[in-house]
Amino acid sequence: MTSPADRDDVALIILGATGDLTSRLLLPGLAGALAAHDLPRVTLVGSSHSEHSTDEWRSIVREGLAGAALDEDEVEDLVARAAWHTADATDADDLRALFETAREAAGPDAAPVLYFALGPGITREAVGALAGLEDLPDGLRLALEKPFGEDEESARELNAVLADVVEEDRVFRVDHFLGESMVTALLGLRTANRLLGRVWGGRDVERVDVVVDETIALEGRAEFYDGTGALKDMVQSHLLQVLAMAALEPPERLRPQELHDAVVEVLRATRVWQDDPVAASRRARYTAGEVDGERIPAYAEEEGVDPGLRTETLAEVTLAVDTERWRGVPFRLRSGKALGRKRWEVALTLRAPEDVPEGLSPAEGRDRIVVGLDPREVRIELAVDGADTPFDAERRTLAADLGEEQVDAYGEVLRGILTGQTLLSVRGDAAEECWRILAPVLAAWEAEEVPLDEYPAGSAGPAGWG
Ligand SMILES: O=P(O)(O)OC[C@H]1O[C@@H](O)[C@H](O)[C@@H](O)[C@@H]1O
């Protein structure tokens, strides 16, 4: 998909470069992507408000890139080119000087990419400062982390400012779940064979469950997570993107505009089930327990947490997708932390079979198609006629284990950014829709109309949730 024009050198300028995101996700992802693909030459330019030196930045880069698939020479090459510039990202003059440093380090022809590894408030201010710059570098691309805004209105405002800075096809709203190979594989599963696409819709599917249960707890992220919670952290962004990939009408061509149009169309048709956010949502948070043999304190007692914020660590919302294909089929989206078992999947439960001949005893339960996002697998739980007694169906599972992915999700998303392809990023109108869909739930929770349940860390969730 990479055209020669996309092979230009890139100056990847990371704002907030000394933060956790850069070392834990961006640099390892970049190493994986560079090792697996023929990508443009990258010069890493680090920046943050706090004073650091090029040497310090180079050791962050070395550490972040090492250990992945890149060989040592390539790592050292990237380290040697890496440059540092201390700057206040919200100050136009500082940004101008930062672009100059990037130009010197990467050369005048390198395409500048400004990656905002910053919180939402400061990102908004920095974008505002950019909008005030008259002499923006040619070909500038912007990459923004979630959350994109804080509600529909602020997302719309941010989109408007971004539109003043660069064209939409140079804005990369990062949702790393779009780089998960099984999320994009959802589309292939439906279209690249004659079998699954036939049952992919409400005629045959009774319900869809999109589940991202994590075993990890807060892991010291109180500053980010407390007051955000599972609904905004996971459902509002990642899970709605997964829903869109599972439910959209396949576009004719796999090009950014066609795919993004299809995503927006299905998100526009999505709303809270029966327009009743109280009945269609549940929330809970973990109390003390044990996960994989490790003792986990109650969320409210984790360091840095303000129990008064009533942050949920498990969120569940049922949505309706009002398209011809899916009308009347509930989509349950659920994600939580400190649960007993990791489960990342999209599961389609099929309707009961029709026309079963009298005398054939059908199997218990329902057929299901389960797409495992991590680990990567496809499972089909199917009633088959058992070997023991003729005409006596039993449930069996056909499973395809798809093995480890070559490049991690961040690597895939970065690959798109480095080559200027927006296919795996979120378009502005889609980001607004995601806030619109969940606004009634956020309001009901804010008004305390939905109880905040509890579950012990390491359990399957609150008793009675099923
Ligand atoms: O396991 P991954 O790929 O990092 O994705 C899950 C993470 O995704 C992030 O976006 C969330 O902020 C985290 O809370 C979550 O744990």
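These values consider heavy atoms only, across backbone and side chains, with no hydrogens, waters or symmetry-generated copies. When a ligand or atom number is given, it counts from 1 through the structure's own listing order.
Within the structure, the closest approach of Phe177 to ligand 1 falls below 4.0 Å when heavy atoms are considered. Residue contacts with ligand 1 include Ile216, since one of its heavy atoms falls under 4.0 Å from the ligand.
Atoms of ligand 1 found under 4.0 Å from any heavy atom of Asp233, numbered from 1 in the order shown, are 11 (C), 12 (O), 13 (C), 14 (O). Using a 4.0 Å cut-off to heavy atoms of His176, the atoms of ligand 1 that qualify are 2 (P), 3 (O), 4 (O), 5 (O), 8 (O), 9 (C), 10 (O). For ligand 1 and Lys337, the ligand atoms under 4.0 Å from any heavy atom of the residue are 13 (C), 14 (O), 15 (C), 16 (O).
No side-chain donor-acceptor contact under 3.5 Å links Asp233 and Thr228. Under 3.5 Å, the side chains of Trp57 and Ser59 contain no donor-acceptor pair of N or O atoms.
Every N/O-N/O distance between Trp344 and ligand 1 stays at or above 3.5 Å.
Within 6.0 Å of CD in Glu249 there are more than 12 heavy atoms belonging to other residues, nucleotides or ligands.
Remark: of the listed residues Val212, Asp374, Val211, Val211 is the sole one forming a side-chain contact (heavy atoms from CB on, under 4.5 Å) with Arg343.
Across the listed options Lys146, Glu214, Lys232, Glu214 owns the non-hydrogen atom lying nearest to atom 15 (C) of ligand 1.
The backbone N or O of Gly461 lies less than 3.5 Å from a partner atom in the side chain of Ser459, making a donor-acceptor pair.
From the protein, the heavy atom lying nearest to atom 13 (C) of ligand 1 is Arg221 NH1, 3.4 Å. In this structure, the protein non-hydrogen atom closest to atom 10 (O) of ligand 1 is His238 NE2, 2.7 Å.
Proximity of Asp20 to Phe224: side-chain heavy atoms (C-beta onward) are nowhere separated by under 4.5 Å.
The distance between the ring centers of Trp273 and Phe331 does not fall below 6.0 angstrom.
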